[in-house]
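Here the structure comes first, spelled out in C-alpha cells, and everything after it is commentary.
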Amino acid sequence: MLKVYRPASGVLVVSHGRTQALVRLAIWTSVVVIFYLVVLGDAAQTAEHTGSDKTAAWHVWVLLLFPLCLLPYLFGLIRILRRANDLIFDGPRKTVSKGKRALAAFADVRALEMRAVHGTCEEFRLSALLEDGGNLELIETEASAMIEALAEEISELLEVPLTRKV
C-alpha cells in the first residue's frame, strides 16, 4: 500500500507502507515454516511406513527450491523495513530521489508515462521518460484510481505532460 504525504511545500513523498511490509513478511515466514513442518512431517511418516530412514528425493528438492523462489520477495520486504524506500519529489531542489539516492533532476524528465502492466487494467506502472531516452520506473501498484491521481499530481509538480498507455 502506498502512502502519499507532503511534509513541506513543494515536496511530495510516496512511501511503501512499512506496516504492510511487516505483515506480509510475517505471513510469508509463517507459510514457509508451516510448509517445512508439513513436508518434514510427511517425510517422517513416509519413512515410518516404509521402514526406511531415507527421505524421498522430491522432499529434498521441494525443501530446497520453495524458499529459494521466495527469497527475492522476502529480501525486498526486509529492505522496505530496514530503510525507507520513499520516493521523494523535492520541488525546491528540483530532484527526484529514492531513499537517500538521487535518481534524476526535474530538468532531466521530459514526460511521465502511466502504463498498464502486462496489458491488464489491474496493475499500473508510473515511469519517468528521461531526456536522454532512458526510462525511470517510479511506482508500480494495483490501485488504478490512486495511481492516476498521483500521476497527475506528480506531472504538475514536475511540469511535464502525462501520457497513458494501456
Side-chain angles (χ1 to χ4, degrees), residues 1-36 62 64-166:
M1 168 166 255
L2 294 175
K3 289 180 11 182
V4 179
Y5 57 96
R6 291 185 168 269
S9 177
V11 178
L12 178 71
V13 178
V14 180
S15 173
H16 291 281
R18 285 185 167 183
T19 306
Q20 185 179 15
L22 181 64
V23 169
R24 286 183 179 184
L25 184 64
I27 289 170
W28 280 107
T29 304
S30 301
V31 165
V32 169
V33 168
I34 290 169
F35 175 79
Y36 272 125
V62 169
L64 293 174
L65 293 179
F66 179 71
L68 287 178
C69 295
L70 284 178
L71 279 180
Y73 180 71
L74 295 177
F75 281 132
L77 291 175
I78 291 170
R79 192 177 310 117
I80 290 171
L81 290 173
R82 253 188 73 222
R83 60 185 160 99
N85 208 10
D86 298 344
L87 185 62
I88 302 167
F89 298 92
D90 194 344
R93 292 187 184 147
K94 302 284 187 202
T95 60
V96 178
S97 58
K98 193 169 199 171
K100 295 181 182 179
R101 191 182 76 175
L103 298 176
F106 282 12
D108 295 340
V109 180
R110 74 175 152 83
L112 284 179
E113 178 183 68
M114 189 173 79
R115 175 180 287 228
V117 177
H118 305 297
T120 66
C121 292
E122 297 170 0
E123 279 188 74
F124 290 91
R125 179 179 298 142
L126 182 65
S127 301
L129 304 176
L130 303 177
E131 290 290 340
D132 63 2
N135 188 358
L136 180 65
E137 183 180 322
L138 300 174
I139 303 165
E140 188 170 321
T141 185
E142 297 172 359
S144 62
M146 180 182 166
I147 193 78
E148 191 162 339
L150 181 61
E152 289 175 6
E153 190 173 353
I154 292 171
S155 72
E156 288 174 13
L157 181 65
L158 296 176
E159 296 174 354
V160 296
L162 173 66
T163 60
R164 293 172 175 87
K165 292 188 178 179
V166 178

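Values below: every heavy atom of this structure, side chains too, minus hydrogens, waters and symmetry copies. Residues take their numbers from the sequence shown, with the count starting at 1.
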**Asked** Taking atom CZ of R164 and atom CG of L126, what is their separation to the nearest 0.5 Å?
**Response** 10.5 Å
**Prompt:** Do L77 and Y73 come within less than 4.5 Å of each other through their side chains, counting heavy atoms only?
**Reply:** yes
**Spatial distance of atom CD1 (I154) from atom CG (L162) [nearest 0.5 Å]** = 9.5 Å
**Request:** Show your working on side-chain contact (heavy atoms from CB on, under 4.5 Å) between D108 and D132 and close with a plain yes or no.
**Result:** CA-CA 8 Å; D108 295 340; D132 63 2; over 6 Å; no
**Item:** Close side-chain approach of F89 and L138, heavy atoms under 4.5 Å
**Value:** yes
**Fill in**
Correct closest heavy-atom pair for F106 and D90 would be CZ-O, 3.6 Å
**Asked** Ignoring hydrogens and geometry, is there a side-chain-to-backbone donor-acceptor pair from T163 to L112 under 3.5 Å?
**Response** yes
**Request:** Identify the heavy atoms of S97 and A102 that sit nearest to each other, and give their distance.
**Result:** CB-CA, 3.8 Å
**Prompt:** Is it true that a side-chain atom of R6 and a backbone atom of L12 form a donor plus acceptor pair closer than 3.5 Å?
**Reply:** no
**Prompt:** Just by distance, do the side chain of T29 and the backbone of A26 share a donor-acceptor pair under 3.5 Å?
**Reply:** no
**Request:** Supply the atom-to-atom distance L70 CG to F75 CZ, rounded to the nearest 0.5 angstrom.
**Result:** 11.5 Å
**Request:** State, yes or no, whether a side-chain contact exists between L87 and L103 at a heavy-atom distance under 4.5 Å.
**Result:** yes
**Min side-chain heavy-atom separation V109-L130 under 4.5 Å** = yes
**Complete:** On a heavy-atom basis, the closest approach of G10 and P92 is O-CD, 3.7 Å
**Residues E137, R115; criterion salt bridge (Lys or Arg N to Asp or Glu O under 4.0 Å); working and verdict** = CA-CA 11 Å; E137 183 180 322; R115 175 180 287 228; over 6 Å; no
**Message:** Measuring only between side-chain heavy atoms, which start at C-beta, is L158 closer than 4.5 Å to V96?
**Reply:** yes
**Message:** Can you confirm whether more than 12 heavy atoms, excluding those of R110, are under 6.0 Å from its CZ atom?
**Reply:** yes
**Item:** Spatial distance of atom CZ (F124) from atom CD1 (I139) [nearest 0.5 Å]
**Value:** 13.5 Å
**Prompt:** So which heavy atom on S15 is nearest to which on D86, and how close?
**Reply:** OG-OD1, 2.9 Å
